[in-house]
Amino acid sequence: MKTLIVFYSYSGRTKALVQSVTPDKHCDVAEIKDIRRPGLFKAFIMGCPAAIKGKAWPIQSIGSDLSDYDSLILYSPVWAGNPPPAVNALLEQLPKGKAVSVKMLSGSGNSRCRPRIESVINEKGCKMESFENIKT
């Protein structure tokens, strides 16, 4: 079974966590990057409302073909209680039939975005294997 760890990190905390857990895993790792990385002000003023509405922002190619993997492990920060627009863009690209594990990082460790993410994953013909909130 081939697994891809994919993550989005605006501040660097998510990236640091992924780097700390991946050395002992036998899987590929890919980072989700905005085509135009928003500054802090734009990320807050425009990104949070976009996250609340489930909107996506254009992202760069992650350098891996998602269809080559059986399962994905997605690490993401929480923006305004939801996945950020860059993560929504990746979720839109999910090919049918993938098993997806989701790990959401937030200051409280208690995001309430599971129903939204699970709905998007199911709509893509995939299955959410697990969901975990991680306090940062």
Side-chain angles (χ1 to χ4, degrees):
M1 186 148 131
K2 196 170 176 187
T3 301
L4 175 67
I5 294 175
V6 63
F7 70 93
Y8 178 72
S9 186
Y10 183 84
S11 68
R13 281 180 270 195
T14 305
K15 185 174 189 171
L17 176 69
V18 168
Q19 289 173 333
S20 73
V21 299
T22 55
D24 59 330
K25 296 202 182 284
H26 301 288
C27 27
D28 296 333
V29 179
E31 183 173 4
I32 303 166
K33 294 181 181 179
D34 301 289
I35 285 182
R36 277 187 243 117
R37 187 176 190 276
L40 185 59
F41 183 74
K42 183 177 179 182
F44 183 76
I45 297 299
M46 296 175 73
C48 289
I52 290 168
K53 294 176 184 173
K55 301 289 183 187
W57 280 351
I59 59 173
Q60 298 176 22
S61 169
I62 62 169
S64 297
D65 184 348
L66 297 177
S67 62
D68 290 342
Y69 297 89
D70 303 304
S71 65
L72 303 172
I73 302 172
L74 172 64
Y75 284 82
S76 172
V78 175
W79 286 17
N82 295 280
V87 171
N88 291 330
L90 179 87
L91 292 172
E92 288 177 356
Q93 297 176 17
L94 282 177
K96 188 175 182 176
K98 301 300 170 195
V100 183
S101 296
V102 178
K103 299 179 185 296
M104 298 300 293
L105 286 71
S106 66
S108 70
N110 189 20
S111 74
R112 288 178 250 145
C113 56
R114 180 184 180 139
R116 174 176 276 176
I117 292 174
E118 190 165 22
S119 174
V120 171
I121 290 170
N122 290 341
E123 286 172 10
K124 298 302 284 183
C126 299
K127 180 181 180 199
M128 190 163 77
E129 291 288 308
S130 66
F131 182 93
E132 180 181 0
N133 283 305
I134 299 172
K135 185 174 182 175
T136 56

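Only heavy atoms go into these numbers, but all of them, side chains included; no hydrogens, no water, no symmetry mates.
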Identify all side-chain donor-acceptor contacts of residues 100-114 below 3.5 Å with residues at least two apart in sequence or on another chain.
residue : atom : partner : partner atom : Å
Ser101  : OG   : Ser130  : OG           : 3.2
Lys103  : NZ   : Glu132  : OE1          : 2.9
Ser106  : OG   : Gly109  : N            : 2.9
Ser108  : OG   : Asn110  : N            : 3.1
Ser111  : OG   : Asn133  : OD1          : 2.5

- Item | Transitive ILVMFWY side-chain link Ile121 to Leu66, under 4.5 Å | yes
- So if you build clusters from Ile, Leu, Val, Met, Phe, Trp, Tyr with side-chain heavy-atom gaps below 4.5 Å, do Ile134 and Ile32 land together? no
- Item | Leu74/Leu91 under side chain to side chain contact (heavy atoms under 4.5 Å, CB included): CA gap, chis, key distance, verdict | CA-CA 10 Å; Leu74 172 64; Leu91 292 172; 4.0 Å; yes
- Atom pair CG/CD1 of Asp28 and Ile73 - distance to nearest 0.5 Å: 11.5 Å
- Task: Please answer whether the main-chain N or O of Lys2 pairs with a side-chain N or O of Asp70 as donor and acceptor at a distance below 3.5 Å.
- Result: yes
- Which atom names give the shortest non-hydrogen contact between Ile62 and Ala30, and what distance separates them? O-CB, 3.7 Å
- Task: Locate the shortest heavy-atom distance separating Ile117 from Met128; write the atom from each residue and the value.
- Result: CG2-SD, 4.3 Å
- Query: Under 4.5 Å between any side-chain heavy atoms of Ile59 and Gln93, yes or no?
  - Reply: yes
- Message: For the backbone of Glu92 and the side chain of Lys124, can you confirm whether one donor and one acceptor N or O come within less than 3.5 Å of each other?
- Response: yes
- Note on the structure: The complete set of side chain to side chain donor-acceptor pair (under 3.5 Å) pairs with one or both residues in residues 49-59, sequence neighbours excluded, reads none
- Would you give the length of the straight line joining atom CD1 of Ile5 to atom CD of Gln19, rounded to the nearest 0.5 angstrom? 11.5 Å
- Message: Ignoring hydrogens, what is the shortest heavy-atom contact between Trp79 and Pro84? Give both atom names and the distance.
- Response: CD2-CB, 3.5 Å
- Give a yes or no on whether Val21 and Phe7 share a hydrophobic cluster (residues Ile, Leu, Val, Met, Phe, Trp, Tyr; joining criterion: side-chain heavy atoms under 4.5 Å apart). yes
- Applying salt bridge (Lys or Arg N to Asp or Glu O under 4.0 Å), which residue pairs with at least one partner in residues 7-18 are found, sequence neighbours left out? Lys15-Glu31
- Ser61 (side chain) donor-acceptor with Gly63 (main chain) under 3.5 angstrom: yes
- Is there a donor-acceptor pair closer than 3.5 Å between any side-chain N or O of Tyr10 and the backbone N or O of Leu40? yes
- Counting only N and O atoms by type, is there a donor-acceptor contact under 3.5 Å from the side chain of Arg36 to the main-chain atoms of Pro58? no
- Can you get from Val6 to Leu17 by hopping between Ile, Leu, Val, Met, Phe, Trp and Tyr side chains that sit under 4.5 Å apart? no
- Is there a donor-acceptor contact under 3.5 Å from the side chain of Tyr69 to the main chain of Cys27? no
- Query: Would you say Val120 and Leu94 are hydrophobically clustered, going by side-chain heavy atoms of ILVMFWY under 4.5 Å?
  - Reply: yes
- Item | Heavy-atom pair of closest approach, residues Ser9 and Thr14 | OG-N, 3.4 Å
